[in-house]
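Before any comments, here is the structure.
Residue numbering restarts at 1 for every chain, and letters A, B, ... go by the order of the sequence lines. Note that the coordinates shown come from a computational prediction; the quantities given were computed from them, not determined experimentally.
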Amino acid sequence: MKKTVIFGALTAAGMAAGAAAAGTLDDVKARGTLNCGVATGLVGFATPDANGEWQGFDVAVCRAVAAAVLGDATAVEFVPTTGKTRFTALASGEIDMLARNTTWTFSRDVDLKFTFVGVNYYDGQGFMVPKDLGVSSAKDLDGATVCIQTGTTTELNLADFFRVNGISYDPVPIETNAEAQQQYLAGACDVYTTDASGLAATRAAFEAPNDHVLLPEIISKEPLGPLVRHGDNEWGDVVRWTLNALISAEELGITSANIAEMGAGTNNPEINRILGTEGTLGEMLGLDADWAMKAITAGGNYGEIFEKNIGESTPIGLARGLNAQWTDGGLLYSPPFR
Amino acid sequence: MTTMTDPPQESFRLSMLLNDTRYRSYTFQFIALLALVASIAYLMSNMFANLREQGLFLSWAFLGEPAGYDINQRLIEYDSQMTHWRATVVGVLNTLLVAFLACVTATVLGVIAGVLRLSNNWLVSKLMSAYVEAFRNVPVLIWIIIIFTVMTAVMPAPRAFRGDEPDATMLLNLFAFTNRGIYIPAPVLSAPLMGSAAMGWLLIVVGLVGSFFGARALGTWAAAKQEATGDRPKTWYITLAIWFVPLIVLLTIMGLTWNIPELKGFNFAGGLNIRGSLIALWFALAIYTGAFIAENVRAGIQAISKGQTEAAASLGLRSGRIMNLVVLPQALRVIIPPLISQYLNITKNSSLAIAVGYMDITGTLGGITLNQTGRAIECVLLLMLFYLTISLLISAVMNVYNNSVKLKER
């Protein structure tokens, strides 16, 4: 009996090793679900709602990819990952892609062998303090106790910022956003620092959000975007162009309301190419002709996703800012679909 | 003619490997060993193949690169520009610190609780049973989080100490209990001998060790005198002098002053900050493991036959002395071996530090370094090597001690 177990385990290990070598796109199609790594719970970006359905800005990217590949926006297996587990989960093949407030950095791209397919949120690291502390600038924080999520780029930026300004601080390393929130509210740290969008999302969940202020300093560039493993370029292309389709859709005025109408054909060739009524872009990706149409239908275009999850009408209340289309003075710029 | 032949020399045949009970067990062990080696080799080659496929390979070069992150509790000098290796060492020292503190506290707690659980006083023995059962049967992680959460929620934040009518005040103007930890006065050597303060403290430790041996020599001398003459000379004032005179002289020469914590800016400044995370981890490990040690002590005491106690009592010894002189020394040989495992457990359980953000080795090497460099396999291998080394060392040292207290049979 024991032998059987051992051989079984060996076979399973061998098969897992083989699977990693095959194309992720084929794996996802064969499996029928997309394994998508998300945050363990960050309001607005990735959090399960009252019904246990994952909702959020990052979640919408997963759903769009699932819709493009499988034609079903709900065919996603969400895998919550912490700052510590996310890269191992992706490298080991436990997830097919990671959409989780992850900063695109040199070492992650080059040394950790991941491919960032684009940027879905241009962010920067900020500080949140209680209003009654009377602090108006991050440079006044000499000697403060700072809560920080461990294992993130913010941890390194924080050390650099205080070093450059010649002031000292006392770091309190925290594993998850929820713990950081609890420590910060109990006064165990004076300051909470993370990406400004994360701070806004965290503050929105407070009982009295107005008792806390975000300091004006943004101390780093944090381009957040989805990523996949190096070496599987076909799969990288699928995720990259799904994200680009969402961004282009907003630029070209394709919305979830008018997409059915536009899908019938318009006099704009680029819209026609995206929506699959002209050209063979879908076929080139190894997908159906209407892949982008399905992706956009899943949650709307980039602007719609933004407004619905983190925009100014939501409790998180983020302005578009840098994340506006390039035509509106922002940084969002999708390469052309041709 | 008779021919005497020797009984036929049994020659070794291959089939005996299976049929002969003398060899059979070796055969199977050998096969099992081969299978084990083969499966480990397979897993390793699988790992290397997968790594190669992703363009990665094992490399420890990252240990020499600047870490880039800060650590709040450091026993040696460290800043964010130092290497990952230095950060690892800081983590190792933090692990050893909390493990040492918890081992000492758990032993004291455990011995007291174990002895008291056998007390004739109903209330005391029941209280101790309640302690043992409550702490033994709830996971240590839960205790760590409970203590930490209670500390953060119950103790005042430093800003409560501020203002003319503060919500909280310092104890005796020396100690501040906050939700970031406890601030106590720190001893400072203003004129340390041999250069640095660290050398000064080392000198004091050396002095204390000298005092220990001096006091022991005095005790031996007194015992010898008692053997010879029947009179035990009064030595307590000499013992006191041996302990305190060198210490006071050393401290005075080196100019001992106290650095009192005071509220400054956002936090208390000065003094010694015992962090909330250290306290939570230390206490949780100590009371949790203390409950196990209490059971070991109880088992050890109960293993000593009641006749020993009765014989000692018939000599007129009081119960405290019976415990100290007769029962506990014999019980040690039962208590020590499981005590070793408890020390190992404390050391290994200290890796739960990450739950409260205590920067032990799992937090630095296995946490932030792993994350920043992405070198998961290398970091985990190093972690395993570290815990293995420490565990084997503790085990070796404790076994030496165990041999020294074993019953000597002549």
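The most heavy-atom pairs under 4.5 Å with chain B, out of Cys189(A), Gly143(A), Ser107(A), Ala144(A), come from Ala144(A). Among the candidates Thr85(A), Val135(A), Ile174(A), Thr145(A), the residue making the largest number of heavy-atom pairs closer than 4.5 Å to chain B is Thr145(A). Across Val191(A), Asp190(A), Thr150(A), the residue that shares the most heavy-atom pairs under 4.5 angstrom with chain B is Asp190(A). Chain B forms the most heavy-atom pairs under 4.5 Å with one residue out of Thr153(A), Thr88(A), Leu141(A), and that residue is Leu141(A).
Judged by distance alone, the side chain of Asp170(A) and the main-chain N or O of Asn72(B) form no donor-acceptor pair under 3.5 Å. Looking at Arg375(B), its side chain never comes within 3.5 Å of a backbone N or O of Leu112(A) through a donor-acceptor pair.
Between Arg163(A) and Asp79(B), some side-chain heavy-atom pair lies under the 4.5 Å cut-off.
Separating the CZ atom in Phe87(A) from the CG atom in Asn371(B) is a distance of 7.0 Å, to the nearest 0.5 Å. Here the CG-OH distance, from Leu158(A) to Tyr69(B), works out to 14.0 Å after rounding to the nearest 0.5 Å. One distance of note links OG of Ser80(B) with CG of Leu156(A); it measures 9.0 Å at 0.5 Å rounding. The CZ atom of Arg108(A) lies 7.0 Å from the CD atom of Gln372(B); values are rounded to the nearest 0.5 Å.
Contact between Ala157(B) and Gly187(A) at its shortest, heavy atoms only, is CB-O, 3.7 Å. Minimum interatomic distance between Gly68(B) and Ala159(A) (heavy atoms only, all atoms of both residues): O-CB, 3.2 Å.
If you measure heavy-atom distances from Tyr169(A) to chain B, the contacts under 4.5 Å come from the side chain alone. Contacts of Met359(B) with chain A are made by side-chain atoms alone, with heavy-atom separations under 4.5 Å and no backbone atom involved. Neither the backbone nor the side chain of Asn157(A) comes within less than 4.5 Å of any heavy atom of chain B. For Thr178(B), no part lies under 4.5 angstrom from a heavy atom of chain A.
For a heavy-atom cut-off of 4.5 Å, chain A lies close to Phe148(B), Thr149(B), Thr152(B) in residues 147-154 of chain B. For residues 207-216 of chain A, a heavy-atom distance under 4.5 Å to chain B picks out no residue at all.
Counting heavy atoms of neighbouring residues, nucleotides and ligands inside a 6.0 Å radius, atom CZ of Phe30(B) does not exceed 12 of them. Within 6.0 Å of CE on Met384(B) lie no more than 12 heavy atoms contributed by other residues, nucleotides or ligands.
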